[in-house]
Enquirer: 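My questions will all concern the structure given below.
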Protein chains: 4
Amino acid sequence: MAKARDTKTKTRIQREKTEEILAAALDIFSSAGFRGASINEISKRAGMSTPSLLYYFQSKEHIHRELLSRTLLVWLGPLNLMKDSDDPVEEICTYVRRKLEISEQFPRESRLFANEILMGIPRAEQSQFDPLRSIFDAKIALIESWVRDGRIAPVDPHHLMYSIWATTQHYADFESQIKELSPEKMGTLFRDAETHLVAMYRTMLVPNGPEASE
Amino acid sequence: MAKARDTKTKTRIQREKTEEILAAALDIFSSAGFRGASINEISKRAGMSTPSLLYYFQSKEHIHRELLSRTLLVWLGPLNLMKDSDDPVEEICTYVRRKLEISEQFPRESRLFANEILMGIPRAEQSQFDPLRSIFDAKIALIESWVRDGRIAPVDPHHLMYSIWATTQHYADFESQIKELSPEKMGTLFRDAETHLVAMYRTMLVPNGPEASE
Amino acid sequence: MAKARDTKTKTRIQREKTEEILAAALDIFSSAGFRGASINEISKRAGMSTPSLLYYFQSKEHIHRELLSRTLLVWLGPLNLMKDSDDPVEEICTYVRRKLEISEQFPRESRLFANEILMGIPRAEQSQFDPLRSIFDAKIALIESWVRDGRIAPVDPHHLMYSIWATTQHYADFESQIKELSPEKMGTLFRDAETHLVAMYRTMLVPNGPEASE
Amino acid sequence: MAKARDTKTKTRIQREKTEEILAAALDIFSSAGFRGASINEISKRAGMSTPSLLYYFQSKEHIHRELLSRTLLVWLGPLNLMKDSDDPVEEICTYVRRKLEISEQFPRESRLFANEILMGIPRAEQSQFDPLRSIFDAKIALIESWVRDGRIAPVDPHHLMYSIWATTQHYADFESQIKELSPEKMGTLFRDAETHLVAMYRTMLVPNGPEASE
DNA sequence: CATGAATGAGCTTTCATTCAT
DNA sequence: CATGAATGAAAGCTCATTCAT
C-alpha cells in the first residue's frame with residue numbers, strides 16, 4: 001500500500017530512482033527492442049535489484065509506457081513550435097532543423113519510437129498517441145492554409161509531413177547503416193544533413209510567382 | 001546427408017517446406033522482431049511441429065539470415081537498375097518510383113530490414129551487408145559524375161540517397177503510424193506518395209533555374 | 001516382416017552393415033557413455049542414415065546390448081583359458097598377461113564394460129551376465145582347490161580375482177588419467193605393467209615350502 | 001549481486017541449499033553420468049524447482065565442476081598423508097587402507113571420479129586435475145627414494161601407484177559387479193579386501209628374501 | 001533396402017514476476 | 001525501501017523413434 005507507484009507525491013529519492021531506471025531502460029529498450037530487453041539487464045544497468053526496480057514500476061510494460069510517453073513529448077516539441085508565420089517556407093525549414101536536432105540529441109528515443117511503430121504499435125494504448133493526432137491534424141490544416149493562400153508551393157501536407165519525419169529521423173534510426181556505408185562522413189553528418197534537407201525542402205516549397213505557376 | 005539442410009540439391013517437398021517456413025517467419029519476424037519472435041510461433045503458423053521446422057533450418061538465426069539475404073536482394077533490385085542515362089533526373093525519379101513500389105509490395109521485408117538496422121546490425125549479420133556496400137559506392141560515384149557534369153543540380157549524393165531511402169521506406173516501416181494519423185488517405189497512399197516524392201526529387205534535381213530549363 | 005533383425009539367416013550385406021554399425025557404436029558408446037551417445041552420431045559415423053541403422057537394430061538399447069554381449073565374450077576369453085595345471089602360479093600369471101593383453105587390444109570394449117558396471121548395470125538383463133557368473137564360480141572353485149592343496153599361497157580367491165581384474169583393466173579404463181600423469185611412460189606402458197603385475201602376483205602366490213608355512 | 005552465486009559471503013540459507021543441491025547432484029551424476037543426469041531430476045531430488053537450482057548454480061556444468069573439485073580433495077586426502085617414514089612398507093600399507101576406506105565411505109564420489117576419467121576427462125575439466133599432478137609427482141619421487149635406499153623391494157613406483165588405485169577403487173566403482181557375482185561376501189567385503197590387499201602389497205614390498213627378514 | 005520427413009518428449013536455460021523478510 | 005529467494009511459463013534446441021515411399 002506504500003508502493004511508490006501508488007502515491008502521487010513522490011519523495012526526492014523516489015524521483016531519483018525513477019529517473020535512473022528510465023535512463024537505464026532507454027539504453028536497453030532502444031538497442032534491443034521491447035522483447036529483446038530483459039528487466040534484469042535494466043536493473044543491473046540501473047544499479048539495483050530487479051525487485052527494487054519493480055517496486056517503482058509495476059511491470060516491464062509500465063516502464064516502456066512511461067518511456068514512450070516522454071519520448072512522444074520530445075517528439076512533439078518541434079511540431080508544437082510550428083506556427084503561422086510571415087514566412088511559411090522558413091517556418092517549415094525551421095521545423096526540419098529542429099526535428100533533425102532531436103534526432104541528433106535523442107537518437108535512443110528516436111529508435112525507441114521507431115521500433116514501436118515498426119512493430120505496429122502493439123502495446124501503447126490508443127490514448128498515448130492521441131495528443132499526436134490532434135496536433136498533427138492542426139498542423140496539417142495550417143500547411144493546407146498556406147498552400148491555399150499560395151504562400152508555399154502546392155504540396156500534399158500529409159506527404160510533406162511524412163517526408164520530413166522520414167528524412168530527419170533516418171539519421172537516428174538508420175545510423176548503423178550510415179556508419180556502415182559512409183563512415184568517413186560521420187564527422188559532419190548532421191551538419192551536412194541539415195544543409196541538404198533544408199535546401200531540398202526550401203526548393204520544393206518556395207512558391208512560383210503567380211504568373212509562372214504551371 | 002540425412003538432413004534437408006545438408007543437401008545442395010533439394011527435392012520438391014524440401015523447396016516447398018522451406019518456402020512455407022520462410023513465409024511464416026517473415027510474418028512473425030517482421031511484426032515481432034528477432035528476439036520477440038519464437039520459432040514455436042513460426043512453426044505453428046507454418047503448420048508444422050517445431051522439430052520439423054528445425055529439420056529444414058539449423059536454428060532460428062539461420063531462418064532469419066536467409067530471410068535477410070533474400071530481402072537484401074529485393075532491396076538492391078532498384079538500385080542495381082539505376083544506370084547512366086541521357087536523363088539523369090528521370091533516372092533518379094525512376095529509382096524513387098521503383099523503391100516505393102518495393103515498399104508497397106514488400107512491406108514486411110522492409111520492416112525486417114529496418115528492424116535489423118535499428119538494432120544496430122548485430123555482428124552476426126554484418127557480412128551479409130557487404131554486397132550493399134560495393135553497389136552503394138558505385139551508385140554514389142555515378143551521381144557524383146552527374147553533378148560534376150552539371151547534369152543534375154549540385155547535391156550531396158550520400159544525403160540524396162539517404163533521403164530517397166528514408167522517404168520511400170517510410171511508407172512500409174511507419175505504416176502503422178500513417179494508418180493511425182490519416183486512415184482516410186490509405187486508399188491512395190502509394191499513388192499520392194509517388195506523386196509527392198517524384199515532384200520533390202525532380203524539383204530538387206533539375207539542374208538550372210526555371211528560365212533555362214529545356 | 002522382412003526386417004533384418006527378425007531373420008536368423010542374414011545376407012552378406014546385412015552382416016556387413018551390422019558390423020559397421022557396431023564398430024561405430026563402440027566408438028561412440030565407449031567415449032560418451034550410453035546416454036551421452038546419440039544414434040545420429042553413430043549412424044553418421046557408420047555412414048548411413050539413422051532409419052537405416054534402426055532397420056538393423058530395433059533401438060539404441062539393442063545396439064548397446066549386442067555390443068555388451070560381444071564384449072563379455074572377449075572379456076571371458078582369458079578366464080575360460082585358465083585351467084588346472086602343473087604350475088598354478090604360472091597359470092594365474094598367464095591369466096594376468098592375457099587379461100592385460102585384452103586391455104591393450106580392446107580398450108574401448110573395456111571402457112564400455114566398465115561404464116556399464118559403474119552405472120550399476122542398469123540396462124543389461126540379468127541373463128546377459130549369467131555366463132560370467134557360472135564361469136566365475138568355476139574358476140573360484142579351481143583357485144580354492146589350489147589353495148587347499150597348498151599349491152599356491154593362501155589367498156582369498158574372490159579378492160585375488162577382483163585384484164587381477166582391477167589392475168589389468170585399469171590400463172584401459174583409466175588411460176586418460178595415466179596419460180595425464182605420466183605421459184612419458186606411455187610408450188612402454190603395457191610392457192612395464194606386465195612386468196610389474198606378473199611380479200606382484202607371482203611373489204604373492206608362490207607357496208612357502210610346507211616346513212616354513214608358520 | 002542479486003544472485004547467490006555472485007556473492008562471496010554466503011548466507012546460511014545459501015550454504016544449506018548449495019549443500020542440498022550438491023548432495024542430490026552427487027546421487028544423480030554418480031549413477032547416471034554427466035550426460036545421463038538431468039538437472040530436472042537433480043532439482044526434484046533436492047526438493048526445489050529447476051530455476052531455483054539454477055539460482056544457486058550457473059549451469060549443470062558448474063554443479064558438476066564443484067562436485068568434482070570436492071571429490072578430488074577427498075581423493076587426495078590419503079595421498080597427502082603418505083610421508084617419509086621409518087617403515088616405508090607400513091606407510092604404503094596405511095595408504096592402501098586409507099584409500100580403501102575412502103572407497104567404502106565415498107563410493108558415489110569414487111564413481112563420479114571414475115566416470116570422468118573413463119570419458120577421457122573432457123577438456124572443460126582438465127585444469128581441475130592440476131593439483132593431483134604435482135602431488136602425484138612428489139609421492140612418486142618419495143617411493144623412488146625408498147627403492148633407491150633399499151627400504152622397499154625394487155618396484156616401478158608408477159605402476160605400484162596405479163595398482164593401489166585400481167585395487168582400492170575397484171570396490172566402489174565395480175560394486176555392482178561384485179554384488180552380482182558374490183552377494184554372499186558383501187557383508188565383510190571391505191574387511192576382507194583390506195586383509196587381502198595389505199597382505200599383497202606387504203609381501204610385494206618387503207625388501208629382502210624371507211631368510212633375511214628381521 | 002534405404003531414406004526423407006515428421007514428431008512427442010525431454011533437455012538446459014532465461015525471464016517476468018511474487019513474496020517474505 | 002531493499003533484496004534474497006523462489007517459480008510457472010516459455011524459450012531454443014536435441015533426440016529416439018516412426019512412417020511412407
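Per chain, numbering begins at 1; letters A, B, ... match sequence-line order.
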Enquirer: I'd like to know whether CZ of R65(B) has more than 12 heavy-atom contacts from other residues, nucleotides or ligands below 6.0 angstrom.
Expert: yes
Enquirer: Let me see the working for R35(A) and E61(A) under salt bridge (charged side-chain N to carboxylate O under 4.0 Å, His left out), right down to the final yes or no.
Expert: CA-CA 10 Å; R35(A) 294 281 300 264; E61(A) 272 205 51; over 6 Å; no
Enquirer: Answer yes or no: does a side-chain N or O of K17(D) lie under 4.0 Å from OP1 or OP2 of dA6(F)?
Expert: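 Answer is yes, contact under 4.0 Å.
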Enquirer: What is the pairing partner of dC15(E), taking Watson-Crick or G-U wobble pairs with both distances under 3.5 Å in any strand?
Expert: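 When the pairing criteria are applied, dG8(F) turns out to be the nucleotide that pairs with dC15(E).
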Enquirer: Rounding to an integer number of Å, can you tell me how far F29(A) CZ sits from dA16(E) P?
Expert: 9 Å
Enquirer: May I have the distance from E16(A) (atom CD) to dA2(F) (atom C1'), rounded to whole angstrom?
Expert: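 For the pair E16(A) CD and dA2(F) C1', the rounded distance is 16 Å.
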Enquirer: Tell me which of I13(B) and E41(D) sits closer to the 5' end of DNA chain E, going by the nucleotide each one is nearest to.
Expert: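 Its nearest nucleotide lies further toward 5', so the answer is I13(B).
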Enquirer: If pairing requires Watson-Crick or G-U wobble contacts with both distances under 3.5 Å, which nucleotide is the partner of dT21(E)?
Expert: dA2(F)
Enquirer: Out of dA2(E), dT17(F), dG8(E), which has the shortest distance to the side chain of Y56(C)?
Expert: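 Given the options dA2(E), dT17(F), dG8(E), the side chain of Y56(C) is closest to dA2(E).
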Enquirer: Whole angstroms only, please: what is the NZ-P distance between K44(B) and dA10(F)?
Expert: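 Going from K44(B) (NZ) to dA10(F) (P), I get 10 Å.
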Enquirer: Where the side chain of S59(B) is concerned, which of dC15(F), dC1(E), dC13(F) is the nearest nucleotide?
Expert: dC13(F)
Enquirer: When you check the phosphate oxygens OP1 and OP2 of dA5(F), does a side-chain N or O of Q14(D) lie under 4.0 Å from one of them?
Expert: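 Yes, within the criterion.
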Enquirer: What is the distance from CD of Q58(A) to P of dT17(E), rounded to the nearest Å?
Expert: 10 Å
Enquirer: Can you tell me how far P of dT18(F) sits from NE2 of H62(C), to the nearest Å?
Expert: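 The distance from NE2 of H62(C) to P of dT18(F) comes to 11 Å, rounded to the nearest Å.
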Enquirer: In this structure, which one of T18(C), L22(C), L54(C) forms a side-chain contact (heavy atoms from CB on, under 4.5 Å) with I63(C)?
Expert: L22(C)
Enquirer: Taking the nucleotide of DNA chain E with the closest heavy atom to each, which residue, E61(D) or T50(B), is nearer the 5' end?
Expert: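 Between the two, 5'-proximity favours T50(B).
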Enquirer: I need the minimum non-hydrogen distance between G33(C) and N115(C), along with the two atoms involved.
Expert: CA-OD1, 4.0 Å
Enquirer: Among the nucleotides dT17(F), dT14(E), dG4(E), which one has an atom lying closest to any side-chain atom of L54(D)?
Expert: dT14(E)
Enquirer: Are the side chain of K60(D) and the backbone N or O of F34(D) linked by a donor-acceptor pair below 3.5 Å?
Expert: yes
Enquirer: Check whether any side-chain nitrogen or oxygen of S49(B) sits under 4.0 Å from OP1 or OP2 of dA6(E), and answer yes or no.
Expert: no
Enquirer: Nearest of dA5(F), dC13(F), dT7(E) to any side-chain atom of M48(B)?
Expert: dT7(E)
Enquirer: Can you tell me how far P of dC1(F) sits from CD of E20(A), to the nearest Å?
Expert: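 Computing the E20(A):CD to dC1(F):P distance gives 13 Å.
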Enquirer: What's the CD1-P distance between I42(C) and dT17(F), to the nearest Å?
Expert: 11 Å
Enquirer: Quick check for you: among dT13(E), dA2(F), dA16(E), whose closest atom lies nearest to any side-chain atom of I39(A)?
Expert: dA16(E)
Enquirer: Quick check on DNA chain F: between A37(B) and G47(D), whose nearest nucleotide comes earlier from the 5' end?
Expert: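 So the residue in question is G47(D).
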Enquirer: Within this structure, what is the CZ-to-P distance between F57(C) and dT18(F), rounded to whole angstrom?
Expert: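 Result: 16 Å.
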Enquirer: Residues in side chain to side chain donor-acceptor pair (under 3.5 Å) with E41(D), at least two apart?
Expert: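 Applying side chain to side chain donor-acceptor pair (under 3.5 Å) to E41(D) gives none.
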Enquirer: Is the shortest side-chain N/O distance from Y55(D) to OP1 or OP2 of dA5(F) below 4.0 Å?
Expert: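 Checking dA5(F) against Y55(D), a side-chain N or O does come within under 4.0 Å of OP1 or OP2.
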Enquirer: Which part of the nucleic acid, if any, lies within contact of S38(D), taking any heavy atom under 4.0 Å across all strands shown: a base, the sugar-phosphate backbone alone, or nothing?
Expert: sugar-phosphate
Enquirer: Nearest to the K60(C) side chain among dT13(E), dA16(F), dT3(E), which nucleotide is it?
Expert: dA16(F)
Enquirer: Does dA5(F) have OP1 or OP2 sitting under 4.0 Å from an N or O in the side chain of S52(D)?
Expert: no
Enquirer: Base, sugar-phosphate, or nothing for N40(D), non-hydrogen atoms under 4.0 angstrom?
Expert: base
Enquirer: Could you work out which one of dT3(F), dA16(F), dA5(E) sits closest to the side chain of P51(C)?
Expert: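 Selected nucleotide (nearest to the side chain): dA5(E).
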Enquirer: Suppose we screen for ring pair (Phe, Tyr, Trp, His ring centres under 6.0 Å). Which residues come up paired with F113(A), at least two apart in sequence or across chains?
Expert: W75(A)
